[in-house]
Amino acid sequence: MNSRDIKAWVALQLHAEELKGVHLKELFELDADRFNKLSVSTGRFMMDFSKQRMTTKTLDKLLDLARQQELSAWVEKLFSGEKVNVSENRAALHTALRSPSSESLSVDGQNITSDVHESLAKMEGLVQKIQRGQWRGYDGSPIRSVVNIGVGGSNLGPLMACDALEQYAPTDTQRLDVHFVSSMDGSELEKLLPTLDPAVTLFIISSKTFSTIDTLANANTARQWLLDASSCDASLINQHHFVAATGNVQGALDWGVPKKNQLLFWDWVGGRYSLWSAIGVPIALKIGMVNFRAMLNGAHQMDKHFRDAPFEKNLPVLLGLIGVWNINFLNIHAHAILPYDGRLAEFPSYLEQLEMESNGKSINHENKRINYRTCPVLWGEVGSNAQHAFYQLLHQGTEPVMCDFIASATRYKNEGAQLQEQHQLSLANCFAQSRLLALGTGALETSVKAKDYQHYDGNQPSTSLMLDELTPETFGGLIALYEHKVFVQSVIWEINPFDQWGVEKGKEVATSLLAELNEKGKGGLDSSTEGLLRYTLSQGEGSNREN
Ligand code: F6P
């Protein structure tokens, strides 16, 4: 924390001391109105944080901290296009990607709202052409399968959205098969390609930089597959079978994607914040442009809420501050994301990148090493499956873990009683688990004393986030809520959530090791890496690396 102003931080430290040793069970017994005081309902979301190890006093002190850190001013900087990504000298304007055209924003003399809407219009034209069967493959057949090739933010967001919103895909002839390929080693392509008809398959190369080796390696393999299958020349294949979603026009052009097949976005869109941009084209292809725009609108509603709602009723602010409370004052450094909805199966992976790549930092705005904790280790799984995997550790392990339970109140309105019952079953499990985690064995009214090994301590804090139902709008709102939560925490921690220098370094090291594997390197590495290289080369033919 900035040494100029640590009052609110210290107040929270003292308060945490006071609360130490108070069990969540006691907090519920002490205040029958706890839920009403520690929950917020707004629009189509309800957030219950009464199962957090906190009181209304804690909340007041956290709100003081937010004010001390000038959160309101930072929110305005974010929305107005200030260069909040200092290390890369860029704005972070993902919110502009979902702004309606009526709310125009100019940055450095450029009307970026009109740029965004022009790009959306180009995307719409392309989506409609493909959906209507007017985009033809090399032999004149209409495209029916789409494969997104991308990694990180150019994969996780669209993959998650396509999975979550599958029920909104058209059921008629406009329906497209949409697949995702990300892994550098070619495993996904190896399995997928034999199932596809090359003449009707379109590849989207999704890469902001158009230089990510994982993506280019997959794109090259895909093109070779098409060349082999069609016996056409590369330029025809590039024109009919490749689209690029990118910020690098020249890079895509050099690879072979003609300009008319390029959907562009800008350097002020961070990779992990890019599903609202051209990177979202697989989503639009899957669920149609109307639903894609509904998703943007849902995110925009959350943006307005984040910008305008008072902190004490502001979902992203509260979610962010609760995390700070757990991490910095209760010393909890593991965070489980538990959607009780199979449609959100990819949500934990998406959040792993959003949260850990954004806030996995230890240098502050003044370029100094900080002396407090930032982003925790975050992981997750569909809750009901996780119950049969890692919940044992949550219930009886030695690690304190904070949990986010996410569910929609209603589902299967038109699908019949059987599926509705399954939804009820899932909700019952969701509520039961947060209750048991909070109260421990005390959650069960039984006169039989639990044996030691049957005892659950409880006191594991959780937040339950309820959506009225999962739709493109609420899905958009949910993702924007977490984006802003991450921003709130970055402001408290005084770090830049929009760069990822650690990841970039990894790419450099990999490039030099590829040379070593190809026996063109200089050697002189650490003995472990040398040993791994020697082993690998000895398994292949013609190894001449010296021992
Ligand atoms: O390697 C991490 C990363 O830089 C992410 O931030 C990004 O989402 C991903 O790579 C993909 O980058 P690109 O879209 O430029 O291929």
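Start at 1 and go down the list; that is how both ligands and their atoms are numbered. Fair warning: this is a prediction, and the values are worked out from it, not measured in the lab.
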I need the nearest protein heavy-atom contact for atom 8 (O) of ligand 1: residue, atom name and distance, please.
G153 N, 2.7 Å
Does T209 approach ligand 1 within less than 4.0 angstrom via side chain, backbone, both or neither, non-hydrogen atoms only?
both
For S154, the ligand 1 atoms whose distance to one of its heavy atoms is below 4.0 Å:
13 (P), 14 (O)
Atom 6 (O) of ligand 1 [closest protein heavy-atom partner, distance rounded to 0.1 Å]:
E357 OE1, 2.6 Å
Among protein heavy atoms, which lies nearest atom 11 (C) of ligand 1, and at what distance?
V151 O, 3.2 Å
Counting both backbone and side chain atoms, is some N or O of S206 under 3.5 Å from an N or O of ligand 1?
no
Tell me: protein heavy atom nearest atom 12 (O) of ligand 1, and distance?
T212 OG1, 3.5 Å
May I have all residue pairs that pass salt bridge (Lys or Arg N to Asp or Glu O under 4.0 Å) and include part of residues 200-210, sequence neighbours excluded?
none
Heavy-atom nearest neighbour in the protein, as seen from atom 3 (C) of ligand 1, with distance rounded to 0.1 Å:
K507 NZ, 4.1 Å
With the threshold set at 4.0 Å, does a side-chain nitrogen-carboxylate oxygen contact exist between D197 and R144?
no
Please report which non-hydrogen protein atom sits nearest to atom 2 (C) of ligand 1, along with the residue it belongs to and the distance in Å to one decimal place.
V503 CG1, 3.2 Å
Do other residues, nucleotides or ligands put more than 12 heavy atoms under 6.0 Å from R373 CZ?
no
For S207, take its heavy atoms, then give the atoms of ligand 1 lying under 4.0 Å from any of them.
13 (P), 14 (O), 15 (O), 16 (O)
Side-chain donor/acceptor of D163 to backbone N/O of L159, under 3.5 Å
no
Residue list, side chain to side chain donor-acceptor pair (under 3.5 Å) with T463, at least two apart or on another chain
Q52
Quick one: sort the F203 and W225 rings into parallel, tilted or perpendicular, breaks at 30° and 60°.
perpendicular
Picking from W266, F265, Y273, F79, what satisfies ring-ring contact (aromatic ring centres under 6.0 Å, His included) with H94?
Y273
